[in-house]
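Below is one structure, written out as structure tokens, with a few remarks after it.
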Amino acid sequence: MFFVFDRFIKNAIGAGRMLGPKNIIGDIFTFKFTPNYYISFSLPFSGIYLNYFIVAIIVGLFIITLYLILAKKCEKAEYLPLTFIIFGAISNSIDRFRYGYVIDYLDLKYFTVFNLADVLISTGVVWLIIKTLKDKK
């Protein structure tokens with residue numbers, strides 16, 4: 001659902017239907033189109049090799065997740081966060097190949113501009129970290 005909504009918003013922005021900034025929660029949380037040529041949190045890494053590297057990671061994660069599901073070597077709490085990461089990465093990769101940058105549109109004051117795909121990726125990573133820490137105890 002987040003993947004579909006993220007793609008809908010990005011396609012509307014790409015087609016020029018959603019441009020100007022709009023306040024969501026005062027000036028603290030704003031809807032504002034921002035092209036992001038870099039990776040997460042605007043870390044300054046970019047270029048064609050980054051795109052290929054990201055696609056390789058997506059394919060690797062997809063193969064691992066598919067193997068875990070088919071071999072029944074994991075439970076839903078393990079492959080669901082991997083699925084979040086994969087769908088978020090696919091959505092941002094579509095932007096990179098289509099526009100040359102990722103469309104970010106949620107501006108949280110004093111933080112950074114991000115999108116729903118970033119939320120999916122971050123949620124999946126945090127979920128895996130928490131699950132791993134719980135399993136070690």
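This chain uses plain numbering: 1 for the first residue, then up along the sequence. Note that the structure is predicted; figures quoted are calculated from it, not measured.
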Between [X] and [Y], what is the shortest heavy-atom contact and its length?
{"X": "I121", "Y": "G88", "result": "CD1-C, 3.6 Å"}
{"X": "A117", "Y": "N92", "result": "CB-OD1, 3.4 Å"}
{"X": "Y37", "Y": "G100", "result": "CD2-O, 3.5 Å"}

ILVMFWY cluster, [X] and [Y] together (side-chain gap under 4.5 Å):
{"X": "F3", "Y": "V125", "result": "yes"}
{"X": "L108", "Y": "I25", "result": "yes"}
{"X": "I130", "Y": "V119", "result": "no"}
{"X": "V59", "Y": "L66", "result": "no"}
{"X": "F111", "Y": "V126", "result": "no"}

- Query: For L82, what residues pass the side-chain contact (heavy atoms from CB on, under 4.5 Å) criterion, not counting sequence neighbours?
  - Reply: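 So L82 forms a side-chain contact (heavy atoms from CB on, under 4.5 Å) with L61, T65, L68, L128.
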
- Residue among I103, T34, N115 satisfying side-chain contact (heavy atoms from CB on, under 4.5 Å) with I13: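 Answer to the side-chain contact (heavy atoms from CB on, under 4.5 Å) test with I13 among I103, T34, N115: I103.
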
Taking [atom1] in [X] as the centre, count heavy atoms belonging to other residues, nucleotides or ligands within less than 6.0 Å. Is the count above 12?
{"X": "F97", "atom1": "CZ", "answer": "yes"}
{"X": "F2", "atom1": "CZ", "answer": "no"}
{"X": "F87", "atom1": "CZ", "answer": "no"}
{"X": "F62", "atom1": "CZ", "answer": "no"}

- Item | Audit row: T30, I24, side chain to side chain contact (heavy atoms under 4.5 Å, CB included) steps and yes/no | CA-CA 5 Å; T30 308; I24 298 171; 5.9 Å; no

- Message: Students often mix this up, so state it plainly: with edges at 30° and 60°, are the rings of F84 and W127 parallel, tilted or perpendicular?
- Response: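 Rings of F84 and W127: perpendicular, as their planes differ by over 60°.
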
- Task: Give me the ring orientation class for F8 and F5: parallel if the planes are under 30° apart, tilted from 30 to 60°, perpendicular past 60°.
- Result: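 Rings of F8 and F5: parallel, as their planes differ by under 30°.
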
- Message: Assess, by modelled atom type and distance only, whether the side chains of N11 and R98 contain a donor and an acceptor separated by less than 3.5 Å.
- Response: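 The answer is yes; a qualifying pair exists.
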
Do [X] and [Y] touch side chain to side chain, with heavy atoms closer than 4.5 Å?
{"X": "F33", "Y": "Y105", "result": "no"}
{"X": "K32", "Y": "N23", "result": "no"}
{"X": "L106", "Y": "V113", "result": "no"}
{"X": "F31", "Y": "D107", "result": "no"}
{"X": "S93", "Y": "I58", "result": "yes"}

- Separation between OG of S122 and CD1 of I85, rounded to the nearest 0.5 Å: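 Between atom OG of S122 and atom CD1 of I85 there are 9.0 Å.
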
- Carefully, step by step, assess D95 and R7 under the rule side chain to side chain contact (heavy atoms under 4.5 Å, CB included). CA-CA 9 Å; D95 290 352; R7 293 307 320 151; 2.8 Å; yes

- Salt-bridge criterion met for K10 and D104 (N-O under 4.0 Å):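 A salt bridge is absent here (no side-chain N lies under 4.0 Å from a carboxylate O).
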
- Item | D118 side chain to F114 backbone, donor-acceptor under 3.5 Å |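 Absent.
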
